[in-house]
Amino acid sequence: MSSLLLHEVLRNASKLKTREERIEYLQKNQTVALKDIFRINFDEDIVSLLPAGEPPYQPDDAPEGYQYTTLNKEYTKFKFFFKGPVGLNTVAPKRESMFLKLLESLHFGEAKILIQAKDKRLKYAGITKKLVSDAFPGLIKV
């Protein structure tokens, strides 16, 4: 299990020269949260129940390593934000409040990743649906 924040893993992977190096790096640094972010971003069956775009929130300005929490610890809350039994049974104001609280407790780099993924707009050089599918076969419904 990786101790890096997810934006560090994605940033590092995007700097690698070859596709094979990226796949190996992502596999070595995989966590449930990272794979969930990939599913949220690339799997068309994952539908956000949150408004599109970046919500008005107060980004955490703590340096890396001093944030309140991480996506690797908070990924279990994702079920409230997307179409499914838990998400559909959560009223919109509660869901949006939970999302804002989560964003404000994360390092701003991780908050950005979650916002981009929910809108299917995660952008890192070389991190594509095909690469993620090859790194983690069966993760994304193609």
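Keep in mind the model is a prediction, meaning the values are calculated, not measured.
Tracing side-chain contacts under 4.5 Å through hydrophobic residues (I, L, V, M, F, W, Y), one reaches Phe99 starting from Val86; they form part of the same cluster. Leu34 and Leu4 fall within a single hydrophobic cluster, where Ile, Leu, Val, Met, Phe, Trp and Tyr side chains are chained together by heavy-atom contacts under 4.5 Å. Ile37 and Met98 fall within a single hydrophobic cluster, where Ile, Leu, Val, Met, Phe, Trp and Tyr side chains are chained together by heavy-atom contacts under 4.5 Å. With hydrophobic clusters built from ILVMFWY side chains whose heavy atoms lie under 4.5 angstrom apart, Leu114 shares a cluster with Val32.
Thr128 contributes atom OG1, which lies 6.5 Å from atom CZ of Phe42 (distance to the nearest 0.5 angstrom). To the nearest 0.5 Å, atoms OG1 (Thr69) and CG (Leu102) are separated by 7.5 Å. Between atom CD of residue Glu20 and atom CG of residue Leu131 there is a gap of 9.0 Å, rounded to the nearest 0.5 Å. Distance check: Glu110 CD to Glu8 CD gives 8.0 Å after rounding to the nearest 0.5 Å. Expressed to the nearest 0.5 Å, how far CG of Asn41 lies from CG of Asp36 amounts to 12.5 Å. Note that NZ of Lys15 is 10.5 Å distant from OH of Tyr124, once rounded to the nearest 0.5 Å.
Asn12 and Tyr25 form a side-chain donor-acceptor contact under 3.5 Å, judged by distance and modelled atom types alone. Side-chain N/O atoms of Gln116 and Lys123 include no donor and acceptor closer than 3.5 Å.
Within a 6.0 Å sphere centred on CZ of Phe82, heavy atoms belonging to other residues, nucleotides or ligands number more than 12. No more than 12 heavy atoms of other residues, nucleotides or ligands shown are found within 6.0 angstrom of CZ on Arg39. Annotation for Phe136: atom CZ counts as buried by contact number, over 12 foreign heavy atoms lying within 6.0 Å. Residue Gln58 places its CD atom among 12 or fewer non-hydrogen atoms of other residues, nucleotides or ligands, all under 6.0 Å distant.
Looking at heavy atoms from C-beta onward, Glu24 lies out of side-chain contact with Leu16 at the 4.5 angstrom threshold. Considering only heavy atoms from C-beta on, Arg19 comes within 4.5 Å of Lys130 through its side chain.
For the pair Lys118 (side chain) and Ile113 (backbone), a donor-acceptor distance under 3.5 Å is absent. Judged by distance alone, the side chain of Lys77 and the main-chain N or O of Leu71 form no donor-acceptor pair under 3.5 Å.
Residues Glu54 and Ile115 approach most closely at CG-CD1, 3.7 Å, considering heavy atoms. Taking every heavy atom of both residues into account, Ile40 and Ala117 meet most closely at CG2-O, 3.4 Å. Minimum interatomic distance between Asp60 and Leu106 (heavy atoms only, all atoms of both residues): CB-O, 3.1 Å. The heavy-atom pair separating Ala62 from His107 by the smallest distance is O-CD2, 3.7 Å. Closest of all the heavy-atom pairs between Lys141 and Asp43 is N-OD2, 3.2 Å. Scanning both residues, Pro56 and Leu100, for their nearest heavy atoms gives O-CD2, 3.5 Å.
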Stepwise salt bridge (Lys or Arg N to Asp or Glu O under 4.0 Å) check, Lys120 with Glu44: CA-CA 9 Å; Lys120 311 249 183 240; Glu44 295 305 318; 5.3 Å; no

Leu10 vs Phe38, side-chain contact (heavy atoms from CB on, under 4.5 Å): CA-CA, chis, key distance, verdict: CA-CA 11 Å; Leu10 293 173; Phe38 286 147; 3.6 Å; yes

Chi angles and distances behind the side-chain contact (heavy atoms from CB on, under 4.5 Å) call for Thr31, Leu6: CA-CA 9 Å; Thr31 62; Leu6 296 192; 3.9 Å; yes

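Listed by chain and residue number, nothing satisfies the side chain to side chain donor-acceptor pair (under 3.5 Å) test with Glu96 (two or more places apart in sequence, or in another chain).
Using cut-offs of 30° and 60° on the angle between ring planes, the pair Phe81 and Phe78 is tilted.
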